[in-house]
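To start, the structure under review is shown below, and the notes come after it.
The residues of the chain are indexed from 1 along the displayed sequence.
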Amino acid sequence: MEVNQGEQTREKDSKGKEIAGIRRSGITRPSLNFLAILNDFGIALDTSCPDKLCHQLYSGVFLKPNKLKFFVDEKVNKNCFVLFARELYVCHSQHPQYWQWIEDKDTSGEDIEVAKLLLVYWLDIKGSIQTIDLSPATLYEIVFLVKLIDGHSMTSLKLVIIPQYSKTLTRSESLQGKPLESWFEILVGEFMMSREYSGNMNFGLEQQHVGEAKNGLVVKCAIVRPKK
């Protein structure tokens with residue numbers, strides 16, 4: 001929600017207290033339902049200073065430590081989520097002979113973990129979001145942030161989005177020519193946030209060829225964000 005310079009906006013926090021904010025140059029008020037999202041996870045932010053509050057929301061707030069982060073896209077003022085590897089379902093990740101968990105850093109400097117594939121024949125990584133927390137009438141995209149290690153055996157991936165009340169969206173992605181030892185994004189798919197996509201939404205990354213040994217993939221997170 002944007003307001004003109006000098007126009008005041010008000011929103012009530014969980015205790016009924018009004019939050020008043022004035023838009024200054026380069027500062028946009030955050031989305032109106034951010035308090036509901038934070039309250040669902042028992043998180044309270046200092047709302048006494050609108051500028052500081054906006055900065056926190058633009059930088060991101062961990063809803064689950066080292067697992068799930070919520071942030072507001074400053075340019076378009078829309079809700080976004082980051083599901084780090086520990087928040088994703090990674091098939092066989094509890095077995096150290098198949099997956100290795102490695103310490104890493106979020107862009108904010110927070111400690112997280114990434115999942116490094118050692119060897120599997122069945123690659124299956126899934127995430128889930130509640131679309132009620134997304135901004136309405138907004139074109140969203142879901143991407144995985146991954147890395148390929150030299151000597152990897154990955155050639156292609158199958159990507160899928162499974163809405164609760166709509167048809168499944170699928171696409172495939174070739175890994176040929178992708179950079180080694182550097183993080184890059186893989187698009188899972190896009191959807192317009194509307195009633196059609198309300199409810200729980202699952203998404204995933206799967207093997208393109210069943211029964212072939214796979215290794216050398218590192219998964220950092222999945223990001224749900226407005227398409228630029």
> If you measure from CG on Asp40 to CG on Leu63, what distance do you get to the nearest 0.5 Å?
Replying inline: 9.0 Å
>> Which label fits Phe62 and Phe84: parallel for a plane angle under 30°, tilted from 30 to 60°, or perpendicular past 60°?
In response: parallel
>> To the closest 0.5 Å, what do you measure between CZ (Arg225) and CD1 (Ile142)?
In response: 11.0 Å
>> Does atom NZ (Lys116) have a neighbourhood of more than 12 heavy atoms from anything else shown, all under 6.0 Å?
In response: no
> Which atoms form the tightest heavy-atom contact between Asn202 and Ser128, and what is the distance?
Replying inline: OD1-OG, 3.2 Å
> Checking Asp106 side chain against Gly109 main chain: does a donor-acceptor pair fall under 3.5 Å?
Replying inline: no
>> Ignoring hydrogens, what is the shortest heavy-atom contact between Ser93 and Trp101? Give both atom names and the distance.
In response: O-NE1, 3.2 Å
> Between Leu205 and Val160, is a side-chain contact (heavy atoms from CB on, under 4.5 Å) present by the stated rule, with each step listed?
Replying inline: CA-CA 7 Å; Leu205 176 158; Val160 58; over 6 Å; no
>> If you compare all heavy atoms of Ile161 against all heavy atoms of Phe191, which two are closest, and at what distance to 0.1 Å?
In response: CD1-CD2, 4.4 Å
>> Let me confirm one number: the OG-CG distance from Ser198 to Leu134, rounded to the nearest 0.5 Å.
In response: 11.0 Å
> What is the distance from atom CH2 of Trp99 to atom NE2 of His92, rounded to the nearest 0.5 Å?
Replying inline: 10.5 Å
>> As a quick check of understanding, evaluate side-chain contact (heavy atoms from CB on, under 4.5 Å) for Cys91 and Trp122, giving each step before the final call.
In response: CA-CA 8 Å; Cys91 187; Trp122 181 265; 3.9 Å; yes
>> If you count heavy atoms of other groups shown closer than 6.0 angstrom to CZ of Phe41, is the number above 12?
In response: yes
> Would you say the side chain of Lys67 lies within less than 4.5 Å of the side chain of Val82, judging by non-hydrogen atoms?
Replying inline: no
>> What verdict does the side-chain contact (heavy atoms from CB on, under 4.5 Å) test give for Trp183 and Asp104, after you've listed the backbone C-alpha separation in whole Å, the side-chain angles of each residue and the deciding distance to 0.1 Å?
In response: CA-CA 12 Å; Trp183 297 110; Asp104 205 308; 3.7 Å; yes
> Would you say Phe144 and Ile125 make side-chain contact, with heavy atoms under 4.5 Å?
Replying inline: yes
> Is the Tyr140-Phe81 ring centre distance short of 6.0 angstrom?
Replying inline: no
> Any side-chain heavy-atom pair from Leu187 and Leu159 closer than 4.5 angstrom?
Replying inline: no
> In the single-linkage hydrophobic clustering (I, L, V, M, F, W, Y; side-chain heavy atoms under 4.5 Å), do Leu35 and Leu53 co-cluster?
Replying inline: yes
> Is Leu68 reachable from Ile37 through a run of hydrophobic residues whose side-chain heavy atoms are each under 4.5 Å from the next?
Replying inline: yes
> If two hydrophobic side chains count as joined below 4.5 Å and joins carry through other members, does Ile223 share a cluster with Leu169?
Replying inline: no
> Are Leu83 and Ile112 co-members of a hydrophobic cluster defined by side-chain heavy atoms under 4.5 Å apart?
Replying inline: no
>> Any side-chain to backbone donor/acceptor pair from Ser182 onto Pro179? Under 3.5 Å, distance only.
In response: no
> Should Lys147 and Glu181 count as an ion pair when the cut-off is N to O under 4.0 Å?
Replying inline: no
> Looking only at heavy atoms, which two atoms of Ser48 and Pro50 are closest? And how far apart?
Replying inline: O-CD, 3.7 Å
> Between the main-chain N or O of Pro136 and the side-chain N or O of Thr138, is there a donor-acceptor pair closer than 3.5 Å?
Replying inline: yes
> Should Leu118 and Asn215 count as side-chain neighbours, where that means a heavy-atom distance under 4.5 Å?
Replying inline: no
> Is the shortest heavy-atom distance from the side chain of Leu148 to the side chain of Met154 under 4.5 Å?
Replying inline: yes
>> Quick one, Ile186 with Leu157, criterion side-chain contact (heavy atoms from CB on, under 4.5 Å). Give me CA distance, side-chain angles, the key distance, then yes/no.
In response: CA-CA 9 Å; Ile186 295 179; Leu157 296 172; 3.5 Å; yes
>> For Pro226, is there any backbone N or O sitting under 3.5 Å from a side-chain donor or acceptor partner on Lys228?
In response: no
> Is the side chain of Gln164 donor-acceptor paired with the backbone N or O of Asn200 at a distance under 3.5 Å, no angle test?
Replying inline: yes
> Would you call Thr168 and Thr170 a side-chain contact if the rule is heavy atoms closer than 4.5 Å?
Replying inline: yes
>> So Lys78 and Val72, do their side chains get closer than 4.5 Å, heavy atoms only?
In response: no
> Would one find more than 12 heavy atoms of other residues, nucleotides or ligands at under 6.0 Å from atom CD1 of Ile132?
Replying inline: no
>> Hydrogens and angles aside, do Glu110 and Asn66 bring a side-chain donor and acceptor to less than 3.5 Å of each other?
In response: no
>> Rounded at 0.5 Å granularity, tell me how far CE in Met201 sits from CE in Met193.
In response: 7.0 Å
>> Quick one, Leu117 and Leu123 - any side-chain contact, counting heavy atoms below 4.5 Å?
In response: yes
> For the side chain of Ser166 and the backbone of Tyr197, is there at least one donor-acceptor N/O pair under 3.5 Å apart?
Replying inline: no
> Is there a donor-acceptor contact under 3.5 Å from the side chain of Ser153 to the main chain of Ala213?
Replying inline: yes
> Side-chain heavy atoms under 4.5 angstrom apart, residues restricted to Ile, Leu, Val, Met, Phe, Trp, Tyr: same cluster for Leu180 and Leu217?
Replying inline: yes
> Going by atom types only, do Asn79 and Asn33 share a side-chain donor-acceptor pair under 3.5 Å?
Replying inline: yes
>> For Glu173, is there an ion pair with Arg171 - N to carboxylate O distance below 4.0 angstrom?
In response: yes
> Rounded to the nearest 0.5 Å, how far does CD of Gln56 lie from CZ of Phe34?
Replying inline: 10.0 Å
>> Can you give me the closest heavy-atom contact between Ala222 and Leu88, atom names plus distance?
In response: CB-CD2, 4.2 Å
>> Taking Gln97's backbone N and O only, do any of them form a donor-acceptor pair with His95's side chain (distance below 3.5 Å, no angle check)?
In response: no
